[in-house]
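Shown below is the structure under consideration.
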Number of protein chains: 2
Amino acid sequence: MTTVLVVDDQQLQRYGFRVLLDSMPETEVVGEAANGAEAVRRTAELRPDVVLMDVRMPGVDGIEATRRIVEAGGRSRVLVLTTFDVDEYVHAALRAGASGFLLKDARPEELLAGIRAVAGGDAVIAPALTRRILDEYARYVPTGRNAPDEDPRLASLTEREREILVAIGKGWTNGEIAARFVVSESTVKTHVGRVLAKIGARDRVQAVIFAYDRGLARPGAG
Amino acid sequence: MTTVLVVDDQQLQRYGFRVLLDSMPETEVVGEAANGAEAVRRTAELRPDVVLMDVRMPGVDGIEATRRIVEAGGRSRVLVLTTFDVDEYVHAALRAGASGFLLKDARPEELLAGIRAVAGGDAVIAPALTRRILDEYARYVPTGRNAPDEDPRLASLTEREREILVAIGKGWTNGEIAARFVVSESTVKTHVGRVLAKIGARDRVQAVIFAYDRGLARPGAG
DNA sequence: CGCCGGGTGGTACCGCGGTACTACGCGCCG
DNA sequence: CGGCGCGTAGTACCGCGGTACCACCCGGCG
């Protein structure tokens, strides 16, 4: 039996979900909340398997509530529901740590399948949104651990040279790298020169780009 | 009626899909292929709505076949199927342009729902894989159009300065930028200097990092 | 033993990158 | 009209980055 907390500011909407889910043998609505703050509280109290979260709500919205629930670290998974497939919502929800994002016009069996998946530790995205997610995914995400291993340029780097490349990717000058690695700047220059030669970069700027392309450097680091 | 091309090197597997799909009122198997090369050919001939593509095949594998089919630009969508949820496959398939990725142990209704979604221009990912996709997505994808707009540094750039920043992100030297923009190198230097000051970067290396962080520069461009 | 690769270090040189400051034409707006 | 933001352009200066070349130490290996 999967326990569910229904969060929506509209009472009628909550009622609809309750009727639907309680009529199913595998799901049970154990509580409701009408806003984000209440959702966070009741999640802590009831520890439901799944929180069915509406986005648009007065006060603390569904995104912020999701963030707090996820950060609290409980075992409850959040499945975000919205009427509007606005990109901003999807991005924000997924970054907040939601395990799923479905549209309210989903068919009951889709909703059930989503709840089942989320409860099982998996994640779901409405097909209508998956398209856009994938487009961005393909654009931004390097190549997993695919290209890096295949790329002979990266493989030809020694351990030390890879460290140097990562340091370059952090935007450090040769002097800063020397200081952090506790070696002389001459040594750093030697390494940098070899790195550039091996990866086929003209200067450290192109080395940074190379590092980002292969996922050696990542946003938010350094 | 949704037309489907079944691609799998195992004859028994193809037979299974054919029986399943032909028994459904809304889908019809219009052809089969036993390897990647044949899949590309028959897709061009038959122009199916959906190509059900196995990954592991002798010769041209499913990933490469997907890439070719997508690049050909027809209206056929590729739904990749595999027995093993290996990360490499998922990444590669999605980057190759697949509209979906499901596991072969999916229940028939899931498969049907997937085919329906893909045929309708949407995309699907098996819930078991979506979790990992989302984790990487949240890590790598900037913040949609969120953070960039919020960041006053980026907002303070003029149109021209943003162009300059993108050019820096491509790894171009001041001279190259001047040539491509058909202005003098002095002008470029002036712009670069202002960009660095506005975004708080010490040199163009940090500017590149800034550009990647905000999604202004992307892997694979330039 | 000698050789070799990798890490370390140094010297010398030059050019691109970055800064500081000035300047002019243009379009917009009070 | 005068001011201002923006794009353009120039000069002068200096330092970091990158290259070329050489050198030493150390560990592994034939």
Side-chain angles (χ1 to χ4, degrees), chain A residues 148-149 151-214 216-217 221-222, chain B residues 148-149 151-214 216-217 221-222:
Chain A
D149 286 352
D151 198 318
R153 290 176 292 175
L154 193 52
S156 70
L157 295 181
T158 67
E159 189 60 33
R160 194 58 156 173
E161 286 162 358
R162 223 185 320 270
E163 290 176 17
I164 294 286
L165 179 52
V166 171
I168 293 175
K170 290 182 188 297
W172 298 349
T173 64
N174 287 338
E176 287 170 344
I177 297 174
R180 306 215 186 203
F181 285 23
V182 199
V183 295
S184 80
E185 191 169 340
S186 294
T187 302
V188 175
K189 281 191 172 189
T190 306
H191 285 315
V192 170
R194 277 201 273 264
V195 168
L196 296 184
K198 284 187 179 179
I199 68 178
R202 180 174 51 195
D203 49 39
R204 67 201 297 111
V205 174
Q206 294 191 343
V208 169
I209 296 172
F210 179 88
Y212 268 78
D213 283 359
R214 314 290 140 158
L216 269 184
Chain B
D149 286 353
D151 198 319
R153 292 177 291 174
L154 193 52
S156 70
L157 295 181
T158 68
E159 188 61 34
R160 195 56 157 173
E161 286 162 357
R162 223 184 319 270
E163 291 176 15
I164 294 286
L165 179 52
V166 171
I168 293 174
K170 291 183 189 297
W172 298 348
T173 64
N174 287 339
E176 287 170 345
I177 298 174
R180 305 217 187 204
F181 285 24
V182 198
V183 294
S184 81
E185 190 167 340
S186 293
T187 300
V188 175
K189 281 192 171 187
T190 305
H191 285 314
V192 170
R194 278 202 272 264
V195 168
L196 297 184
K198 284 188 178 179
I199 68 178
R202 180 174 52 195
D203 49 38
R204 66 200 299 111
V205 174
Q206 294 191 344
V208 170
I209 295 171
F210 179 88
Y212 268 80
D213 283 357
R214 313 292 141 157
L216 271 183

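All chains are named by letter (A, B, ...) in the order of the sequence lines, taking the proteins before the strands, and each is independently numbered beginning at 1.
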Would you mind reading off the distance between A:Arg160 atom CZ and C:dT8 atom C1', rounded to a whole angstrom? 9 Å

Chain A on DNA chain D: first and last contacting nucleotide, 5' to 3', under 4.0 Å to a heavy atom? D:dG17 to D:dT19

Nearest heavy-atom pair of B:Ala207 and B:Ala201: which atoms, and what distance? N-CB, 3.9 Å

Angle between ring planes, B:Tyr212 versus A:Tyr212, binned at 30° and 60°: parallel, tilted or perpendicular? tilted

Identify whether any heavy atom of B:Thr158 sits under 4.0 Å from a base atom; if not, whether one sits that close to sugar-phosphate; answer base, sugar-phosphate or nothing. sugar-phosphate

Taken to the nearest whole Å, CG/A:Leu157 to C1'/C:dG5 is 15 Å

Taking the nucleotide of DNA chain C with the nearest heavy atom to each, does B:Leu196 or A:Phe181 sit closer to the 5' end? A:Phe181

Considering every strand and a 4.0 Å limit on heavy-atom distances, what is the contact class for A:Ser184: base, sugar-phosphate, or nothing? sugar-phosphate

Which whole-number value in Å describes the distance from A:Asn174 CG to C:dG9 P? 14 Å

Check: B:Gly171 main-chain N/O paired with A:Arg202 side-chain donor or acceptor under 3.5 Å: yes

Among A:Glu185, A:Arg204, A:His191, which residue meets the side-chain hydrogen bond (donor to acceptor under 3.5 Å, both in side chains) test with A:Asn174? A:Arg204

On DNA chain D, compare the nucleotides closest to B:Thr187 and A:Val205; which residue's is nearer the 5' end? B:Thr187

Just by modelled atom types, is the A:Leu154 backbone N or O under 3.5 Å from a matching donor or acceptor in the A:Arg162 side chain? yes

Judged by each residue's nearest nucleotide on DNA chain D, which is more toward the 5′ side, B:Asp203 or B:Lys189? B:Lys189

Whole angstrom is fine here: how far is it from CD in A:Glu161 over to C1' in C:dG5? 11 Å

Take the protein atom CZ of B:Arg194 and the nucleotide atom P of C:dT19, then report the distance between them rounded to whole Å. 12 Å

Shortest non-hydrogen pair, B:Val205 vs A:Ile168, comes out as CG1-O, 4.1 Å

To the nearest angstrom, the NZ-C1' distance between A:Lys198 and C:dG7 comes to 12 Å

Work out which heavy atom in A:Leu165 is nearest to a heavy atom in A:Leu216; give both atom names and the distance. CD2-CD1, 3.5 Å

Any base atoms under 4.0 Å from B:Thr190, or only sugar-phosphate, or nothing? Heavy atoms, all strands. base

